[in-house]
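First the proteins, then the strands, lettered A, B, ... as listed; each starts at 1.
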There are 2 protein chains.
Amino acid sequence: MKNVTDYNFFEKKMYIYPCKLHVNDCMSREKEVTIYDLARKLNISIATVSRALADDPVVSKKTKKKIADLAQEMGYRSNNFARNLRTQKTNTLGVIIPRINSYFMSSVIAGMENVATSEGYTLIISQSSESVEKEKANATTLFNNRVDGLLVSLAYDTDSLAHFEPFTKKKIPLIFFDRTADHRDSTCVLINNLKAAYEATTHLISQGRRRIVHITATQKRNVYIDRLQGYKQALADQHIRFREDYVIVGNLSQEAGADAAARIRQMSPLPDAVFVANDNCAVGCMIALKQMGIRIPEDIAFVGFNNDPVSTVIEPNLTTINYPGYEMGQVAARNLIAQLGGASGTRSTNTIILRSELVIRESSASRKPTS
Amino acid sequence: MKNVTDYNFFEKKMYIYPCKLHVNDCMSREKEVTIYDLARKLNISIATVSRALADDPVVSKKTKKKIADLAQEMGYRSNNFARNLRTQKTNTLGVIIPRINSYFMSSVIAGMENVATSEGYTLIISQSSESVEKEKANATTLFNNRVDGLLVSLAYDTDSLAHFEPFTKKKIPLIFFDRTADHRDSTCVLINNLKAAYEATTHLISQGRRRIVHITATQKRNVYIDRLQGYKQALADQHIRFREDYVIVGNLSQEAGADAAARIRQMSPLPDAVFVANDNCAVGCMIALKQMGIRIPEDIAFVGFNNDPVSTVIEPNLTTINYPGYEMGQVAARNLIAQLGGASGTRSTNTIILRSELVIRESSASRKPTS
DNA sequence: TTGTATGCGTTATCAG
DNA sequence: CTGATAACGCATACAA
């Protein structure tokens, strides 16, 4: 504080003199070099400097070189704020995700960061922590930060998209990924959850399982709705009656898996398979069941979802749906940037479906060596 | 794939049309409302509006209210670029990390995001992918983005801090966390790796183990240097000879763990314990050893580091060092913001040590029921 | 190919 | 308490 006070005092005093110094003078911050400085030094106009720095073909190679060299030498760096202010663009993408610390999400983010950086964009990441309220607040913040575009994966309980209105009103492109929603003129990037769930369930049936429990989350999110649908469809196609009480809804945490295990154990007859909408929860459930002395896959087979690294650590290794997070991040970011680039045609792309696949491991082996 | 192809085709077609629209013209973006608009409507000066919006005590409550209401009504939002340009502040923090998709790192980021957002700061996250070169590039980008401060966890092979010079030269505060480095006037946030490793090793010894292998990474990073030191120290204190060939250096990936397992198996006599500098690698090693028929903990005991969720999935559950990632992120961010707030005293804080603890699980049980 | 002039939306200084 | 006005650094329409 001492410093600041002194500095203000000093500055006030300075105003007496005709020599008017600006905000960043003295030694408080070395002065930034601007295009004015470059122009003055080379005796040319700032316009030329600006153009040269932007690699405008209209500037001669020679002056370009001169300017580039001097810029380098003087440690010039362009001021994004001045530029953004002028161009009304921010080169910034906003991201809203439920939470960053899951393997899947952090992979997605890694993919986004990868393409964003290489395209000269910057990412602002915010977490909704699975709460609509925080999601709204994040949306507002990002809106005020003037992001050029938005990448969103919805929270569990979001059921209105009203908080994204400001963006669509201003024609700021919006992309939903993974946990998507129907929203006119905004693209979705996801996998075919229905098909994946269908395959998972069909696989269990083909292993001789009939009493298949499904553990999932709130039916507000497409991913869980579709997975449930796929599960139902598979049952129907194999003429297995769907039982409401075989669907366990929770928050898909590892603890939720343990809770589900307790419920499963109460069922009579004991189910012979479980299809879980997420690996973490599957793992929690498997651990709990094993502690109860239930054998996997002999008594109960398991299929998860996500191909999280834990799926190869748990014993037996977990059969699951592989699901390219990193790639999903890349695709979503790339598509968003394409829309920003003015490829207006891009706008009509409504949905991008990524490939997913069933990875079969021991947790779903059939009891007898048939397969 | 079908979709993607169609999409490309469609886009190409769009490019044929001569109708060249500028990025933001026509009705593509409704005009933003500025303080000028507010001022005009209320017949007051922009100066008053600006002050009112900043909640300057010098403005009367009444006019403040009027202005706030109108702003709300007209959908005014302040323009950060204009403000940043004017104030020379960005309210943005840069983050450079090796990679985001590990449980530990994503927890750290979550913690940082948490305090940054609540303090009105925004985070720009970039990954070095464990490469100095990318780390340098990231530093440059963040420098050009004029971040107010920087949070860094170093890549494996970084051995010069020259790329951070621009920041320190401009007195932009720099905080290292976890993978830190000695750098005059920059704060470090980390745990006491030496002590943690000492405890881990001592624990193994107390369980009756003598031939303890240590798996770690390059000795360029403090965390690995310190953990090795702690390991050595513990051996020394228990009068166990340190053996160079018991130290296996790799990249701590799960595969590296498997490789290490192969080497361990060759050793004769077989080591009776392994202390690994990271849980993931420990898990890889355990799985590989188990496949070779080696029993854990009977033949070889294990201790990991990080308390990653996998440590409670692997069988037997992994004894490890618990290590608060989320909190570390919060502390680092909070400290950085404090420095920006002008708390000059903060500057002299050189190192912040977070608590860590040994979590004992089955992987390190002693052979006989003594403990 | 280069230069001149202007405005982008704020904040902050100085003068009422 | 309020107003007028000058920067902040850059991009660009228009002139030359």
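Taking atom CG on B:N43 and atom P on D:dA4, their separation rounds to 10 Å, with Å as the unit. Following rounding to the nearest Å, A:I67 (CD1) and C:dT2 (C1') show an atom-to-atom distance of 10 Å. If you take CG of A:D56 and C1' of D:dC10, they are 14 Å apart, rounded to a whole angstrom. Remark: P of C:dG16 and CD1 of B:I44 are 21 Å apart, rounded to the nearest angstrom. Rounded to whole Å, the distance from CZ on A:R40 to P on D:dC10 is 12 Å. At whole-Å resolution of the value, CG in A:N91 and P in D:dC10 are 15 Å apart.
For the salt bridge (charged side-chain N to carboxylate O under 4.0 Å, His left out) condition, the pairs that include at least one residue of residues 63-73 of chain A, sequence neighbours left out, are A:D55-A:K64, A:K65-A:D69.
A donor-acceptor pair under 3.5 Å is absent between the side-chain atoms of A:T180 and the main chain of A:F177, judged by distance alone. The backbone N or O of B:L93 sits nowhere less than 3.5 Å from a side-chain atom of B:D148 that would complete a donor-acceptor pair. Panel note: side chain B:D37, backbone B:T34; a donor-acceptor pair is recorded below 3.5 Å. Of the possible polar contacts, one joining the A:N138 side chain to the A:K134 backbone as a donor-acceptor pair under 3.5 Å is found.
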Just do the salt bridge (charged side-chain N to carboxylate O under 4.0 Å, His left out) check on B:R99 and B:E135 with the steps written out, would you?
-> CA-CA 11 Å; B:R99 50 175 36 102; B:E135 188 173 286; over 6 Å; no

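Between A:T63 and C:dT2 there is a side-chain polar atom (N or O) within less than 4.0 angstrom of OP1 or OP2. Within the 4.0 Å cut-off from OP1 or OP2 of C:dT1, not a single side-chain nitrogen or oxygen of A:S60 is found. Look at B:S45 and you won't find any side-chain N or O under 4.0 angstrom from OP1 or OP2 of D:dT2.
When the side chain to side chain contact (heavy atoms under 4.5 Å, CB included) test is applied to A:A137, no partner is found at least two apart in sequence or on another chain. Residues satisfying the side chain to side chain contact (heavy atoms under 4.5 Å, CB included) test with B:R146, not counting sequence neighbours, are A:E32, A:R77, A:N79, A:F81, B:T90.
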Just the table, please: protein N/O against nucleotides 6-9 of chain C N/O, every pair under 3.5 Å.
from  : atom 1 : to    : atom 2 : distance (Å)
C:dG7 : N2     : A:R86 : NE     : 3.4
C:dG7 : N2     : A:R86 : NH1    : 3.2
C:dG9 : N2     : B:A82 : O      : 3.4

Could you list the protein-to-nucleotides 14-16 of chain D atom pairs, N/O on both sides, closer than 3.5 Å?
none

Table please: side-chain donor-acceptor pairs of residues 119-126 of chain A below 3.5 Å, with sequence neighbours left out.
from   : atom 1 : to    : atom 2 : distance (Å)
A:Y121 : OH     : A:K89 : NZ     : 3.2
A:S126 : OG     : A:V95 : O      : 3.1

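Residue A:V58 is in base contact, counting any heavy-atom pair closer than 4.0 Å across all strands shown.
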